[in-house]
Engineer: 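Let me begin by handing over the structure; questions about it come next.
Just so it is clear, the structure is predicted and the values come from calculations on it, not from any experiment. Chain naming here is simple, since letters A, B, ... match the order of the sequence lines and numbering starts at 1 in each.
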There are 2 protein chains.
Amino acid sequence: MPIGLALARSAKTVSRAFDDALAAAGGSLPSWLILISLKTRAHANQRELAAAIGIQGATLTHHLNAMESAGLLVRRRDPANRRVHQVTMTDEGERLFHRLRRAATDFDRQLRAGLDDGDLDALTRMLGTLAGNVATEAADPTDTFPNPAAAH
Amino acid sequence: MPIGLALARSAKTVSRAFDDALAAAGGSLPSWLILISLKTRAHANQRELAAAIGIQGATLTHHLNAMESAGLLVRRRDPANRRVHQVTMTDEGERLFHRLRRAATDFDRQLRAGLDDGDLDALTRMLGTLAGNVATEAADPTDTFPNPAAAH
DNA sequence: TATTGTTATACTCTATAACTATA
DNA sequence: TATAGTTATAGAGTATAACAATA
């Protein structure tokens, strides 16, 4: 079977299950990715944040609007450069982050069943190869994940 | 890094590139999956077709409407059971199928670069394991891909 | 009544273009 | 002029619920 089709099918099944797990915990994939980025990295501005997640700035604004309405974060202008909006998680956002982290960790435990560390290393490496083989502008390769417990 | 996150990132990059490749050839992922299914399998009805692709019946109707409007296929009632709509590819649909097959084949060649047959076998197996680990209702496991040349 | 498919409607995620505010 | 972000709008893909046609 073509490897792209295998990847597409697996990713579809897994991503739907993961979406369900996040939804049950009160989140969604975009909100989870945004919370991870806010929690683990210092982004100079929203464009960097959007790039780290792999979406456009306007798309990020869309999600931030919803999350701010939900009380998960606040945006303030940076006094040093009032064009820049500083995004900060609220206590409510922190609580959601922890609930989602729990859901993601549980999910990953379920996902790994039947695969040993060597398998997982090989899988991660090969997935990186696939993405690299078709990457156009190459998402930041230094964007490794700093906190293994903090995401699925 | 959590394996689910590695999969999500890789799948996002790869699926966007694949969507672009299909779009350049005049198609989309859903239309490609539908054409593959029409070409390689005999489905008793649209519900089976939808299930094979992993979407709901109403979603399939949505795509079939667009594809029929585009002249890629026709729907006729089955005389033996007039509730069933027989879906048949037109010559135009056949031509698109062949263009998309070419695009998908080229894409897969690019995608496999740097991975040998052993890698690909291991990767396919592990992707299956991941999907199986989180599958809820388990998509038809007998739905193997009958024509390796016919898809990405 | 049960089955097959369609229609109506809506939601999520994403994007581009035009715009405002700031530098 | 250039940069950061927002607003307006749109499109693709998906879903559920209600419906029509057929058995």
Side-chain angles (χ1 to χ4, degrees), chain A residues 8-9 11-13 15-20 22-23 26-34 38 43-70 73-88 136-137 139, chain B residues 8-9 11-13 15-20 22-24 26-34 43-70 73-88 136-137 139:
Chain A
R9 285 178 174 172
K12 187 176 199 172
T13 299
S15 68
R16 283 189 182 183
F18 188 51
D19 286 345
D20 291 346
L22 291 177
S28 66
L29 182 60
S31 64
W32 172 227
L33 294 176
I34 288 168
L38 291 179
H43 294 283
N45 55 45
Q46 286 186 198
R47 289 196 172 175
E48 275 191 16
L49 180 55
I53 296 169
I55 57 179
Q56 295 302 119
T59 304
L60 177 61
T61 294
H62 167 81
H63 292 302
L64 292 182
N65 286 346
M67 293 172 76
E68 189 164 27
S69 294
L73 51 84
V74 292
R75 282 177 285 192
R76 297 191 208 84
R77 286 184 181 274
D78 182 344
N81 179 348
R82 289 181 45 77
R83 287 178 301 194
V84 173
H85 289 203
Q86 292 175 328
V87 182
T88 313
T136 48
E137 59 191 86
Chain B
R9 284 178 174 171
K12 187 177 199 171
T13 298
S15 69
R16 283 190 183 183
F18 188 50
D19 287 345
D20 291 346
L22 291 177
S28 66
L29 182 60
S31 65
W32 172 227
L33 294 176
I34 288 168
H43 293 283
N45 55 45
Q46 286 186 199
R47 289 197 171 174
E48 275 191 17
L49 180 55
I53 295 169
I55 58 179
Q56 295 301 121
T59 305
L60 177 62
T61 295
H62 168 81
H63 292 302
L64 292 181
N65 286 346
M67 293 173 75
E68 189 164 27
S69 295
L73 51 84
V74 292
R75 282 178 285 191
R76 297 190 208 85
R77 286 184 181 273
D78 182 344
N81 179 349
R82 289 181 46 77
R83 287 177 302 193
V84 173
H85 289 201
Q86 292 174 330
V87 181
T88 313
T136 49
E137 58 192 86

Engineer: Could you go step by step and tell me if M67(B) and V74(B) meet the side-chain contact (heavy atoms from CB on, under 4.5 Å) rule?
Structural biologist: CA-CA 9 Å; M67(B) 293 173 75; V74(B) 292; over 6 Å; no
Engineer: Mind calculating the distance between CG (L33(A)) and C1' (dT14(C)) to the nearest angstrom?
Structural biologist: 14 Å
Engineer: From C-beta outward on T61(B), which listed nucleotide comes closest to its side chain: dT14(C), dT22(C), dT6(C)?
Structural biologist: dT6(C)
Engineer: Over how many whole Å does the gap from H43(B) atom NE2 to dG5(C) atom P extend?
Structural biologist: 12 Å
Engineer: Looking only at side-chain N and O atoms, does Q56(B) come under 4.0 Å of OP1 or OP2 in dG13(D)?
Structural biologist: no
Engineer: Given atom NE2 of H62(A) and atom P of dT16(C), what is their separation to the nearest angstrom?
Structural biologist: 15 Å
Engineer: Does dA15(C) have OP1 or OP2 sitting under 4.0 Å from an N or O in the side chain of T59(A)?
Structural biologist: yes
Engineer: Could you check how far CD1 of I55(A) sits from C1' of dT16(C), rounded to whole Å?
Structural biologist: 15 Å
Engineer: Between R16(A) and L60(A), name the one whose nearest nucleotide on DNA chain D is closer to the 5' end.
Structural biologist: L60(A)
Engineer: In whole angstrom, what separates H63(B)'s NE2 from dT6(C)'s P?
Structural biologist: 13 Å
Engineer: How long is the straight-line distance from CZ of R16(A) back to CG of D19(A), given to the nearest 0.5 Å?
Structural biologist: 9.0 Å
Engineer: Send over the distance from I34(B) CD1 to dT14(D) C1', rounded to a whole Å.
Structural biologist: 13 Å
Engineer: Can you tell me which nucleotide in dG13(D), dT14(C), dG5(D) comes closest to the side chain of P30(A)?
Structural biologist: dT14(C)
Engineer: Which residue, G57(A) or E48(B), contacts DNA chain C at a nucleotide closer to its 5' end, judged by nearest heavy atom?
Structural biologist: E48(B)
Engineer: Has the side chain of R75(A) got a donor or acceptor atom sitting under 3.5 Å from an opposite partner on the base of dG5(D)?
Structural biologist: no
Engineer: How long is the line joining CG of N65(B) and C1' of dA8(C), in whole Å?
Structural biologist: 12 Å
Engineer: Whether R76(B) contacts dG5(C) is assessed here as follows: a side-chain N or O lying under 4.0 Å from the phosphate OP1 or OP2. Is that the case?
Structural biologist: no
Engineer: Of the options dA23(D), dA17(C), dG5(C), whose atoms approach the side-chain atoms of A58(A) most closely?
Structural biologist: dA17(C)
Engineer: Does OP1 or OP2 of dA20(D) have a side-chain N or O of R82(B) closer than 4.0 Å?
Structural biologist: no
Engineer: Between dA23(C), dA15(D), dT14(C), which nucleotide gets closest to the side-chain atoms of R83(A)?
Structural biologist: dA23(C)
Engineer: Which heavy atom of Q86(A) sits nearest to which heavy atom of P79(A), and what is that distance?
Structural biologist: OE1-CD, 4.5 Å
Engineer: Hey, does the side chain of Q46(A) reach the backbone of L60(A) with a donor-acceptor pair shorter than 3.5 angstrom?
Structural biologist: no
Engineer: Checking contacts here: which listed nucleotide (dG5(C), dA15(C), dA4(D)) is nearest the side-chain heavy atoms of N45(A)?
Structural biologist: dA4(D)
Engineer: S28(B) side chain: which of dG13(D), dA21(D), dT6(D) is closest?
Structural biologist: dG13(D)
Engineer: Just by distance, do the side chain of S69(A) and the backbone of N65(A) share a donor-acceptor pair under 3.5 Å?
Structural biologist: yes
Engineer: Quick one: I53(B) CD1 to dA15(D) P, roughly how many Å, whole number?
Structural biologist: 11 Å
Engineer: Closer than 4.0 Å, any side-chain N/O of H85(B) to the OP1 or OP2 of dA21(D)?
Structural biologist: no
Engineer: Within the pair R77(A) and dA4(D), is there a side-chain N or O less than 4.0 Å away from OP1 or OP2?
Structural biologist: no
Engineer: Atom CG of L64(B) and atom CG of L73(B): how far apart are they, to the nearest 0.5 Å?
Structural biologist: 6.0 Å
